[in-house]
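Just so we're on the same page: letters track the sequence lines, and every chain starts at 1. Both backbone and side-chain heavy atoms feed into the values below; hydrogens, waters and symmetry mates do not.
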Number of protein chains: 2
Amino acid sequence: MLLTDRQVLILQVIVDDFIRTAQPVGSRSLSKKEEILFSSATIRNEMADLEELGFIEKTHTSSGRVPSEKGYRYYVDHLLLPQKLDRSEIQTVRSIFAEQIYELEKIVQKSAKILSELTSYTSIVLGPAVNDNKLKKIQIVPLNQDTAIAIIVTDTGHVENRMFHFPASVDPSDVEKMVNILNERLSGIPLVHLNASIYKEVAAILRQHIKSYDVLMGSITETLSIPASEKVFFGGKTNMLNQPEFNDIDKIRSLMAMIEQEDGISQLIRKNPKGINVKIGRENNNSAMDNCSLITATYSIGDEKLGTIAVLGPTRMEYSRVIGLLDFISADLSKVLTNLYQNK
Amino acid sequence: MLLTDRQVLILQVIVDDFIRTAQPVGSRSLSKKEEILFSSATIRNEMADLEELGFIEKTHTSSGRVPSEKGYRYYVDHLLLPQKLDRSEIQTVRSIFAEQIYELEKIVQKSAKILSELTSYTSIVLGPAVNDNKLKKIQIVPLNQDTAIAIIVTDTGHVENRMFHFPASVDPSDVEKMVNILNERLSGIPLVHLNASIYKEVAAILRQHIKSYDVLMGSITETLSIPASEKVFFGGKTNMLNQPEFNDIDKIRSLMAMIEQEDGISQLIRKNPKGINVKIGRENNNSAMDNCSLITATYSIGDEKLGTIAVLGPTRMEYSRVIGLLDFISADLSKVLTNLYQNK
DNA sequence: ATTTAGCACTCGTTATGAAAGAGTGCTAAC
DNA sequence: GTTAGCACTCTTTCATAACGAGTGCTAAAT
């Protein structure tokens with residue numbers, strides 16, 4: 001099943017042309033390309049073979065050829081060269097970090113926006129996995145006798161807050177004491193381990209010093225066990241409306257419903273491993289994305305994977321360009337974040 | 001230009017029918033309705049008059065009639081009876097407040113979701129105007145030598161946080177002192193007045209007690225002057241795709257672009273006064289909304305207007321139902337919020 | 001003076017067929 | 001192995017006709 005050089009050349013040109021025009025590619029128009037030195041009849045023969053091998057398809061008996069998912073896969077795996085960014089694009093990306101706002105979430109959100117603008121596809125960025133952030137400070141602000149807000153600040157500057165309730169009988173000074181002890185003992189612990197650590201390391205001390213131990217302990221552990229939300233940011237949600245393959249209302253409906261739902265797509269993205277990953281069409285296992293490809297890249301602080309940035313486009317997406325962009329942005333993002341938060 | 005009773009009846013039936021079916025209404029099908037006791041020929045005459053007066057329109061020379069914006073306006077102003085909610089709907093709405101989560105924003109967000117589900121249109125809720133909330137507590141958490149997070153908690157349980165920078169030379173105990181003074185003096189002040197109050201009431205004391213007065217004062221006032229974002233929540237953003245009037249890709253594109261942009265629509269909504277307001281089609285002054293109506297209602301704590309909830313639908317929207325719903329939800333929301341936050 | 005029946009007319013929708021155009025597969029010649 | 005040539009297929013476009021829903025107008029009925 002190895003392809004000859006000529007078949008590879010033809011496949012490449014078909015994919016490139018189709019990505020550019022969204023029109024099926026015929027043998028005659030192929031033969032006019034300058035890199036093609038043989039006749040349309042030869043091309044027809046080769047195309048028949050490529051079709052039999054499953055790399056290209058016809059939309060109907062007498063139409064030109066269109067890359068199949070297998071064809072795109074071959075293209076992505078073997079033929080594609082990540083596009084270098086030009087000067088102005090590099091500048092645009094760097095502008096993400098230009099403002100002196102060092103909030104992790106803001107940077108991430110802005111990345112999503114710029115990514116969608118540069119690609120004119122839809123971008124999705126999985127916010128940093130807050131659960132792995134380490135506790136910097138916990139504070140409790142009472143609102144009235146039986147309600148208070150717990151505020152959790154992480155080392156990356158992320159702020160989580162949760163309201164909780166307790167009986168009015170609880171002594172305010174008790175709450176204060178508890179917060180002090182928690183801060184002393186839990187600073188630096190990843191959020192996800194907070195609850196375990198409380199039981200293991202702090203419970204005994206708390207019990208000694210605090211009158212309403214049972215009640216408060218119940219409230220605080222319940223509050224801390226709510227999983228820190230891993231946020232999803234979108235850019236260009238409606239960009240897909242401009243792609244010619246989505247001139248069909250039904251396709252739009254199912255795709256938009258899928259994007260709007262957010263959960264499904266964030267799961268799809270989350271499970272991707274480090275580095276660049278390309279999922280083409282049905283490889284995504286989601287019927288709403290049959291005509292879409294999803295390219296993901298991870299970003300990190302140091303060696304620790306933090307989150308994922310992704311681009312959703314039609315299968316006929318500019319893989320080369322998008323991969324180049326994602327490559328650059330994710331590396332730059334990791335570099336900046338590492339500098340910001342690594343050595344503190 | 002007064003309409004006869006019969007003309008009003010015909011207009012009403014046309015609007016009702018068109019809202020239900022989305023099809024132009026002809027004289028023959030009208031004459032079959034049981035509330036219509038005269039012939040199709042009579043109806044045709046009346047319809048010709050109504051058309052001349054501008055209440056109804058034809059889509060083409062030999063089509064049935066469709067309400068014009070003026071027709072909808074008359075319907076909304078004179079003919080419409082807000083629909084009462086049935087038992088199960090009331091229950092659904094009440095479920096917004098069932099969970100013991102008293103966070104204002106969560107309640108508001110959930111309202112948007114339920115509103116869009118009950119109407120199958122798009123709902124928009126303008127979050128409470130945080131700027132008018134009163135300061136409960138301000139806290140500052142240092143992240144490293146030159147960065148800290150300012151956390152602002154309001155009396156409604158809303159938490160704002162902002163990162164800011166200062167020279168490493170600033171003494172940490174200075175920061176602590178400042179926070180204490182700010183809390184002592186500024187508690188209860190609406191966020192929007194914080195900056196002014198700092199200068200008026202706290203500056204003198206701060207200058208006395210704090211070494212790095214100038215630098216810190218600069219940082220803190222700059223931080224507080226960033227306007228607290230008034231959040232916009234959407235529900236059912238893609239619901240409009242299911243409306244038959246949006247079978248046209250171009251209409252979808254411009255509408256979705258408008259919804260996605262969020263700013264435009266939130267401005268459109270913000271300026272509406274207390275109570276229920278209906279804007280029909282071009283009354284919205286926005287070409288993307290030519291085929292849409294926007295119904296808004298305000299919610300309050302006590303007498304103080306807090307925010308707005310709105311429904312965006314086609315001009316052919318079920319005004320009676322939506323107005324009934326908005327009426328109920330906004331009243332209920334106001335009641336609950338008033339109970340929660342008024343008497344503390 | 002209203003109301004209604006009747007009818008010619010308009011316009012959108014649907015079905016049908018013809019012509020054009022793009023592209024293929026196959027055969028035979030190079 | 002490559003290419004020219006040609007019949008064939010399928011989509012797209014356009015014109016045409018038939019049908020149906022609905023109107024406006026006239027004249028008769030109430």
Report task. Say whether, by atom type as modelled, one donor and one acceptor occur between the side chain of Thr238(B) and the main chain of Leu241(B) under 3.5 angstrom. Result -> no
Can you name the atoms? Protein N/O to nucleotides 12-19 of chain D N/O, anything below 3.5 Å, with the distance.
none

Query - Nearest-nucleotide pick for Ala48(B), side chain only, options being dG24(D), dT23(D), dG12(C) - result: dG24(D)
Query - Gap between atoms CD and P, on Gln7(B) and dT3(C) respectively (whole Å) - result: 11 Å
Report task. State whether the side chain of Ser293(A) and the backbone N or O of Gly313(A) hold a donor-acceptor pair below 3.5 Å, judged by distance alone. Result -> no
Report task. Taking atom CD of Glu52(B) as the centre, report whether more than 12 heavy atoms of other residues, nucleotides or ligands fall under 6.0 Å from it. Result -> no
Report task. Show the numbers, then the answer: is there a side-chain contact (heavy atoms from CB on, under 4.5 Å) between Asp290(A) and Thr315(A)? Result -> CA-CA 8 Å; Asp290(A) 279 358; Thr315(A) 44; over 6 Å; no
Query raised in the report: Expressed in angstrom and rounded to an integer, what is the separation of Ile43(A) atom CD1 from dG1(D) atom P?
Result: 18 Å
**Report entry** Phosphate contact (dG24(D) OP1 or OP2) by Lys58(B) side-chain N/O below 4.0 Å
**Finding:** yes
Query raised in the report: Counting distance only, does the side-chain N/O of Arg65(B) pair as donor-acceptor with the main-chain N or O of Leu11(B) below 3.5 Å?
Result: no
Query raised in the report: For Asp77(A), does the CG atom sit with more than 12 other heavy atoms under 6.0 Å from it, leaving out its own atoms?
Result: yes
Query raised in the report: Taking side chain as C-beta onward, heavy atoms only, is Ile329(A) less than 4.5 Å from Leu325(A)?
Result: yes
Query raised in the report: Rounded to whole angstrom units, what separation is found between the CG atom of Leu30(B) and the P atom of dT4(C)?
Result: 14 Å
Requested in this report: May I ask you to check whether over 12 heavy atoms, not counting those of Gln91(A), lie within 6.0 Å of atom CD?
Outcome: no
Query raised in the report: Counting only non-hydrogen atoms, which of residues 9-26 of chain B are less than 4.0 Å from DNA chain C?
Result: none
Report task. Might you confirm whether atom CZ of Arg6(B) has over 12 heavy atoms from other residues, nucleotides or ligands at distances under 6.0 Å? Result -> yes
Query raised in the report: What about Tyr75(B) and Phe55(B), are their ring centers closer than 6.0 Å?
Result: no
**Report entry** Rounded distance (Å) that lies between atom C1' of dT4(C) and atom CD1 of Ile36(B)
**Finding:** 16 Å
Query raised in the report: For the pair made of CG in Leu50(A) and C1' in dT24(C), what is the distance, rounded to whole Å?
Result: 15 Å
Report task. Kindly indicate whether the side chain of Met258(B), heavy atoms from C-beta on, has any atom under 4.5 Å from the side chain of Ile265(B). Result -> yes
Requested in this report: Report yes if a side-chain nitrogen or oxygen of Ser27(A) is closer than 4.0 Å to either non-bridging phosphate oxygen (OP1 or OP2) of dT24(C); otherwise report no.
Outcome: yes
Query raised in the report: With sequence neighbours left out, what residues match Val8(A) under side chain to side chain contact (heavy atoms under 4.5 Å, CB included)?
Result: Leu3(A), Tyr74(A), Leu79(A)
Query - Dot-bracket summary - DNA chain D, pairs being Watson-Crick or G-U whose distances fall under 3.5 Å, with | when paired to another strand - result: ||||||||||||||||||||||||||||||
Query raised in the report: In B/S/- notation, 5' to 3', how is nucleotides 2-7 of chain D contacted by protein heavy atoms closer than 4.0 Å?
Result: SBBB--
Requested in this report: Can you establish whether the number of heavy atoms outside Lys274(B) located under 6.0 Å from its atom NZ is more than 12?
Outcome: yes
Query raised in the report: Side-chain donor or acceptor of Ser62(B) under 3.5 Å from a matching atom on the base of dT10(C)?
Result: yes
Query - Protein-nucleotide distance (Glu51(A), atom CD; dG23(C), atom P), rounded to Å - result: 15 Å
Query raised in the report: Can you list every salt bridge (Lys or Arg N to Asp or Glu O under 4.0 Å) pair that touches residues 18-32 of chain A, not counting sequence neighbours?
Result: Asp17(A)-Arg20(A)
Requested in this report: Using whole Å, report how far CZ of Arg65(A) lies from P of dA22(C).
Outcome: 18 Å
